[in-house]
Protein chains: 2
Amino acid sequence: MGITRKTKAVKKLLSLFEPTVSAILAVDLIAQLKEEMNKTTVYRILDRLENEGVIHSFSGSNGLKWYAKCTGCSSDKHNDIHPHFQCTSCKKVTCLPVEIKIPTVKNYTIENAAVFLVGKCSECSS
Amino acid sequence: MGITRKTKAVKKLLSLFEPTVSAILAVDLIAQLKEEMNKTTVYRILDRLENEGVIHSFSGSNGLKWYAKCTGCSSDKHNDIHPHFQCTSCKKVTCLPVEIKIPTVKNYTIENAAVFLVGKCSECSS
DNA sequence: AAGCTTAATGCAACTTTGTTGCGGTAAAAT
DNA sequence: ATTTTACCGCAACAAAGTTGCATTAAGCTT
Ligand SMILES: [Mn+2]
Ligand SMILES: [Mn+2]
Ligand SMILES: [Zn+2]
Ligand SMILES: [Zn+2]
């Protein structure tokens with residue numbers, strides 16, 4: 001389906017996810033790329049990359065949208081069911097390589113879980 | 001500190017939380033009360049009630065703000081650390097009276113957890 | 001290499017959610 | 001009844017994200 005051309009813009013955007021293991025705020029990407037591309041373009045590329053299983057998104061406590069690299073996802077199937085963690089000191093958000101234990105609750109059939117954790121990362125706990 | 005007057009607006013707003021156990025979208029409250037009060041007033045009352053421990057808030061998967069009744073909270077201390085559940089059929093969001101098992105992750109000190117579950121409620125599972 | 005097709009981009013205008021400043025209103029204390 | 005000030009309405013604003021449309025350029029085809 002979605003044919004994606006590897007344009008300059010796409011390469012540039014992907015390069016920003018490369019060096020880090022942290023998630024990135026959509027809004028920050030737009031600010032950082034202001035001189036190079038339009039915010040509409042940023043949003044559209046993020047959408048495409050998510051549909052292709054290259055990145056995944058989630059909302060933080062304040063409702064802002066975060067994006068992070070996927071590991072082993074495809075356009076067919078996203079398997080990013082892991083918790084996300086934000087450090088209250090450095091504000092960084094990271095994907096935690098831990099499995100979520102989905103609780104069993106009577107009268108509810110739970111199919112999916114989004115877990116957002118808050119605390120202190122190791123670098124800020126000194 | 002925050003002295004809250006029991007005005008007509010406050011009573012009206014509280015009455016909407018009374019008959020249901022479900023959470024309510026801030027945006028829906030504003031739409032529903034459009035004829036009776038200004039949206040600024042709605043937001044301000046919601047803020048106050050949350051500070052007083054009468055209601056608590058959380059964000060849904062799309063970043064929209066939900067509010068629900070508290071049980072046993074005060075202005076001093078909120079203890080609404082429970083998961084929230086949204087049914088994919090009826091779209092209703094409810095507080096689940098279940099304790100969250102906060103995971104232990106190496107290198108991270110976790111202080112708080114927001115869990116948003118998605119699935120089917122019992123009324124929609126037929 | 002030049003031409004062609006159409007996915008991708010830029011831009012402006014718009015939508016939605018939420019906030020702020022300020023003048024006026026009304027709850028409640030005196 | 002009068003006074004005090006918390007509360008409210010309104011208008012203007014702000015931030016995040018979306019949409020329509022004309023233009024550009026990626027990457028085939030020849
Ligand atoms: Mn992740
Ligand atoms: Mn709740
Ligand atoms: Zn940190
Ligand atoms: Zn349902």
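Sequence lines set the chain letters: A, B, ... in the order given, protein chains first and strands last, and positions in each chain run from 1.
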Exercise for review: Would you kindly compare B/T7 and B/K39 by the position of their nearest DNA chain D nucleotide and give the one closer to the 5′ end?
Suggested key: B/T7
Point to revise | Given D/dC7, D/dT19, C/dG21, the nucleotide with the shortest approach to the side chain of A/T40 | key: D/dT19
Revision key, fill the gap. The nucleotide from C/dG18, D/dA16, D/dA26 with an atom nearest the side chain of A/R5 is D/dA26
Revision key, fill the gap. Among D/dA26, C/dG18, C/dG10, the one nearest any side-chain atom of A/K8 is D/dA26
Practice item. Take the protein atom CG of A/L33 and the nucleotide atom C1' of C/dC11, then report the distance between them rounded to whole Å. Key: 17 Å
Review point. Which whole-number value in Å describes the distance from A/K34 NZ to C/dG10 C1'?
Key: 16 Å
Review point. What is the distance from atom NZ of B/K91 to atom SG of B/C124, rounded to the nearest 0.5 Å?
Key: 10.0 Å
Study note, to complete from the structure: note: B/E36, atom CD; D/dG9, atom P; distance rounded to Å ~ 10 Å
Check your understanding: Between C/dG18 atom C1' and B/N38 atom CG, what is the distance in whole Å?
Key -> 12 Å
Review point. Should the ring pair A/F58 and A/W66 be called parallel, tilted or perpendicular, given that the plane angle runs from 0 to 90° and is split at 30 and 60?
Key: parallel
Practice item. Could you tell me whether the side chain of A/P103 reaches within less than 4.5 Å of the side chain of B/K101, counting heavy atoms only? Key: yes
Practice item. Choose from D/dG17, C/dA8, C/dG18 the nucleotide whose nearest atom is closest to any side-chain atom of A/V27. Key: D/dG17
Study note, to complete from the structure: note: B/L13, atom CG; D/dC8, atom C1'; distance rounded to Å ~ 13 Å
Revision key, fill the gap. Between CD1 of B/I45 and P of C/dG18 the distance, given in whole Å, is 16 Å
Point to revise | Check: A/E50/A/S57 side-chain N/O donor and acceptor closer than 3.5 Å | key: yes
Exercise for review: Let me know the distance between CG of B/N62 and P of D/dA16, rounded to the nearest Å.
Suggested key: 17 Å
Review point. What nucleic acid atoms does B/I30 come within less than 4.0 Å of, heavy atoms only: base, sugar-phosphate, or nothing?
Key: nothing
Check your understanding: Ignoring hydrogens and angles, are the base of D/dG17 and the side chain of A/R44 linked by a donor-acceptor pair under 3.5 Å?
Key -> no
Check your understanding: Has the side chain of A/S125 got a donor or acceptor atom that lies under 3.5 Å from a matching backbone atom of A/C121?
Key -> yes
Revision key, fill the gap. Between CG of A/L46 and C1' of D/dA16 the distance, given in whole Å, is 13 Å
Review point. Of the nucleotides D/dT19, D/dC8, C/dG10, which one has an atom closest to the side chain of B/R48?
Key: D/dC8
Practice item. When you get a sec, tell me which of D/dC8, C/dT9, C/dG18 is the closest nucleotide to the side chain of B/V10? Key: D/dC8
Practice item. Let me know, please, whether B/K6 or B/Y43 comes out on the 5' side of the other along DNA chain C by nearest nucleotide. Key: B/Y43
